[in-house]
Structure formats: structure tokens, C-alpha cells
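In what follows, a single structure is set out as C-alpha cells and then discussed.
Here the structure is a predicted model, which is why all the values come from computation and not from measurement. Scope of the values below: all heavy atoms of this structure, side chains included, with no hydrogens, waters or symmetry mates.
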Amino acid sequence: MKILAAKPPTPEQLKVLVNNRPGTVLIKGAAGSGKTTTAMLRLRHLTESWISRATRLDLDDPVRVLVLTYNRTLQTYIQELASEQVAPRDGLELKVATFGKWARDLLPPDQRGLLEPDESRKRLRRLASALGGDINFHIEEAQYVLDRFLPSNLDAYLTARRTGRGLSPRMEQPARQRLLNEVVVPYRVQMDADGLMDWNDIALAAYNDTTADGWDVIVVDEAQDFSANQARATHAHLNDPGSLTFVMDAVQRIYPRSFTWKEAGIDIETTYTLTENYRNTRQIAAFARSLVDGVPLDDDGALPNFDACHVDGPVPVVFYGLYNKQIDAMLAWLEENADLETESVAFLQPKGGRWFDFLRQRLNQAGIEWADLTRASAWPQGSEAVALSTLYSAKGLEFDHVFLPGLNAEVTPHGPGTDDTQLDNLRRLVAMGVGRARKTASIGTKPSDPSTVLSFADPETFERRDV
């Protein structure tokens, strides 16, 4: 499967590349602004700079370079890109990994057992059920507290601005105190008593680890979905001197994990903002923007900007009909309009597993080769032009044509009201998926059960087709 072709740096990107000074740099920009390309170019330039430094100073230790991503699909993609930018050589140690894999490898073999996210949620659910109201909201709020604050500083939650958690439902101080007393603290006590760790505990263990060798260069892609404790842990393993680069867009944040750099103990010395949109057509960017227009932004977020796009194309299409009709219409469009020899295609869905069964069947019947990217351990090396992926796993990737079938209320549940945090996150998630497209984007939904997300789409930015 094709990956992003290497391109010469743009004037915006050159400003980032010429900065080889040690310290922490933030690269931010909206979808399509070339963040990943810039990160890979910066990776190459920093690696060369640090190798030159080691040669100049006659240092014996190898230059250690670490690239971290949030999920495994993006890690396999970045691994391919990094191998094109940085060739293996003596005196260089290059590692590309998900944060979870890297942090877990730091643990001693006899460390406590790992509790997977589903089991962690079950434990939090049992505790949160006594609070009443929206249990899913309370579970996410508890996870937000655990991910953002160090165990010794949980009380800071009582007065902290709930960055990234929206305005509904409100959490006044008495409600926060009750969440700490009845959910967060008991959860930690139970985990310790049972000799278990969750993924946040792994981040904390990495943060506290003082035995591992540090890294001269660290690049973190899609950093908006790193928690505060993950950012702390990453920063703690940077050598002094060293170069750390965070690449992010807060609008594409799909987990409630926002925090401030200051509270994480990270001093951002230089911030670069990428404004041009090199991926999307004006029509795709306008559609994606309408989906997230009005979603709360923080200082590190930028809405998709169709004014910064350089090309025009067809307006996105929303197919209204039963799921099988959506798939048939999408495959018919592909057969008529796409060149699978030279172009790439993605079918993205909010959930994986059985939700892809019918699509796989229809692709096989049509004789179309496909690859499943979700949780793949390596980037597909075959001739497949069609990828299947969950929306979560598609972060950071890009394709010529993107289809989002089955975008129904059933697979995009959220809390009550139109301004709750869960809905904001879903709007970001779908807009992110649309923003993976270079040439065309299409969504499918059932008229009797459309996703609430689609109610935010500007009718002037898409074409409706009943199938």
C-alpha cells in the first residue's frame, strides 16, 4: 500500500527545519497542513545535526533518536516514512514506537499485571454508578483526572480549569470532590491492592524511571492525544542537551486529555504554526470545517481552512439509505471514477470488528484487493489500493478517496444536549476522518437513524444522494 511520497520542503516547513538548537519545539496546524511531512523532514535534519555534533566532539555513544506515535497503525506508517528519511548507519540508534510499547518496555519483567482499557472502564463504571447521572461522562472524567494529574497532586483537580472537557455537564467543586472521593481514589486503592496497572500507571512508571538511557532527539506525532502523564514521561527521557518536537492539532483531539504544557513541566521554547492546506480540496476542507465549527478550541487548535487550500474538486457526498445500499453506491462510484492503479482509497468506520464484515464481503465479490490497517503490526507491502480502518486508527494517514459508511446514531453515541464533551469529540473524530481525503470524501448514513454529527454539516458544503 502506498505511503506519502517524499516532497521538497515548503517555505513554511523550511523555517522549522533550520532550527537545530536543543530544546522543545511545538509544530501545530490544521488537517492537511503537512505536519507529518514536516515532522519527518525535521527528524532527518535533527538526526544529521546530532550525528555531526557527535563526530565533532568525538563522542563514543551512539546518537539515540526516538519517534513516538499514539496508535499502532500510525506507528507502522511512520516507520515506513522514517526509513525513507533516515538511513541506518553506525553510531545511530533509531526507534519508532507507540508510546505504550515504548513505555512498557521500560518496565522490569516482574512488574504488576496490566489491566486493559475495557477492564479499567468496568472498574470505574462500578464505582461511578453511585454518582447517578451520565455514567459514561463520569468514567471519562475520572480517566481525565487520572491521566492529567500526578497521583501526589490529584487535589489540583478541584480548582483546575477543565481544559478540553467542555461546558456540559458542569463540574462544580462539590461534584469534583465527590468524583475524587468515590471514584478516582478508590480506583487507585483497588488497583494497588490487586497488584494491577493500567496504561496511565505505565506512563507514570516511565516518568519515574531513572535507569534507562536518554534520547538525543525525540519526535512525537499526533501529540494532541497524548495525556499529560505521557507528555511528562516523554520529556523526562530527553537528554540534556536534547531536541524534543511535539506535532499536533488540538481540533483533531479525539480523547478528553487536554492539559497545559506548563503544568506538565514542559517549556515550549519555539512554536511553529503551519497554515497552508496541502492535502484537501477547498470543498473537502469546507465540509470538514462545518462539522467542527463552534467546537471549543484551545491555543493549540486550528480549524480546517478552505481559504488556505490550493485546489478545487467535487463537493463531498452524503449517501442516505440502508447500509448495504450505501456500500453498493460507494463501490459503484469507485469503479467509475477511481484509478486503483495509482490512487489510494480508505473506508473508515467509528467501530471495527463485525462492522466491516459486509464491506469485506462486497469488496471480495468485486475482486478489489484490500488491507486492514487497524492494529496492523506492519504497514501493508502489497499492491492493495483500498484500506479498511477505524476512524481512530486513521489518524495521521491520508488517501485520495475517503468513504465513511454507516455513520449512524447507533455507532456514535453521546450524552444529552448538543454541547456535551462526548459529542464534541465525535465531531472532531468525523472531521478528522473527512480530512484524510485528498480528492474526494463521502459519508453514508441511514435516514431513520442519522448520526447527530451530521446535523452540524453545512448543507451548502455537500451533495445529498438517496440510495
Side-chain angles (χ1 to χ4, degrees), residues 4 7-46 67-70 74 78 81 163-164 217-226 228 231 234-235 243-254 257-264 266-282 284-286 288-311 395-398 427-428 431-432 434-436 438:
L4 184 67
K7 299 177 182 178
T10 67
E12 275 192 327
Q13 294 165 344
L14 278 172
K15 295 177 183 178
V16 183
L17 304 185
V18 297
N19 180 3
N20 292 331
R21 298 187 303 274
T24 302
V25 165
L26 173 64
I27 302 173
K28 59 182 184 178
S33 58
K35 295 185 299 298
T36 297
T37 298
T38 306
M40 292 299 98
L41 291 170
R42 181 167 170 78
L43 172 69
R44 183 179 69 191
H45 281 257
L46 285 175
V67 183
L68 293 178
T69 69
Y70 185 75
L74 183 57
I78 294 296
L81 294 177
T163 308
V217 176
I218 302 178
V219 176
V220 181
D221 198 22
E222 300 291 331
Q224 69 272 4
D225 283 318
F226 273 49
T234 303
H235 185 260
S243 295
L244 172 58
T245 304
F246 290 103
V247 185
M248 68 178 296
D249 172 22
V251 168
Q252 296 187 68
R253 180 180 290 121
I254 56 177
R257 289 176 165 166
S258 189
F259 59 92
T260 66
W261 297 109
K262 182 178 179 180
E263 74 180 88
I266 299 173
D267 180 20
I268 301 292
E269 297 180 24
T270 310
T271 298
Y272 297 98
T273 301
L274 304 177
T275 58
E276 297 296 307
N277 188 328
Y278 300 100
R279 179 192 303 142
N280 306 138
T281 64
R282 293 181 180 89
I284 291 171
R289 182 187 179 98
S290 73
L291 294 172
V292 289
D293 208 2
V295 169
L297 293 177
D298 61 28
D299 292 340
D300 295 325
L303 289 173
N305 184 2
F306 50 87
D307 291 328
C309 298
H310 298 271
V311 295
K395 289 170 58 59
L397 309 182
E398 63 176 56
R427 292 170 65 186
R428 292 188 182 99
M432 179 276 296
V434 171
R436 303 304 93 203
R438 286 192 286 256

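Side-chain contact between L81 and T37 is absent, with no heavy-atom pair separated by less than 4.5 Å. Between Q224 and K395 the shortest side-chain heavy-atom distance falls below 4.5 Å. Side chains of T69 and E222 form no contact here, defined as non-hydrogen atoms less than 4.5 Å apart. Side-chain contact between K35 and T38 is absent, with no heavy atoms from C-beta onward closer than 4.5 Å. Side-chain contact between V434 and I284: present, with at least one pair of heavy atoms (C-beta onward) separated by less than 4.5 Å.
Smallest separation of non-hydrogen atoms from A431 and V292: CB-CG1, 3.5 Å. Nearest heavy atom pair, residue V67 against residue M40, reads CG1-CE, 4.4 Å. When all heavy atoms are compared, the tightest approach of N277 to A285 is ND2-CB, 4.1 Å. Nearest heavy atoms, A264 versus A228: CB-O, 4.4 Å.
Legend: residues meeting side chain to side chain contact (heavy atoms under 4.5 Å, CB included) with T245, ordered by chain and number and at least two apart, are V25, I27, R42, L46, V219, V247. Qualifying side chain to side chain contact (heavy atoms under 4.5 Å, CB included) partners for E276, counting only residues two or more places apart in sequence or in other chains: E12, Y278, H310. Residues satisfying the salt bridge (charged side-chain N to carboxylate O under 4.0 Å, His left out) test with E263, not counting sequence neighbours, are R148. Here S243 pairs with W50 under the side-chain hydrogen bond (donor to acceptor under 3.5 Å, both in side chains) rule; sequence neighbours left out. Among residues two or more places apart in sequence or in another chain, the side chain to side chain contact (heavy atoms under 4.5 Å, CB included) test is passed with P9 by Q13, L14, L17, L41. Take Y272 and apply the ring pair (Phe, Tyr, Trp, His ring centres under 6.0 Å) test, not counting sequence neighbours, and it matches no residue.
Distance check, rounded to the nearest 0.5 Å: OG1 of T24 to CD1 of I218 gives 9.0 Å. We find the NE2-CH2 distance between H235 and W261 to be 10.0 Å, quoted to the nearest 0.5 Å. To the nearest 0.5 Å, atoms CG (D221) and CZ (F226) are separated by 9.0 Å. Rounded to the nearest 0.5 Å, atoms CG (L244) and CG (D267) are 11.0 Å apart.
Of the possible donor and acceptor atoms, one in the side chain of R427 sits under 3.5 Å from a partner among the backbone N and O of L291.
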Side chain to side chain contact (heavy atoms under 4.5 Å, CB included) between V18 and H45, intermediate numbers included: CA-CA 8 Å; V18 297; H45 281 257; over 6 Å; no

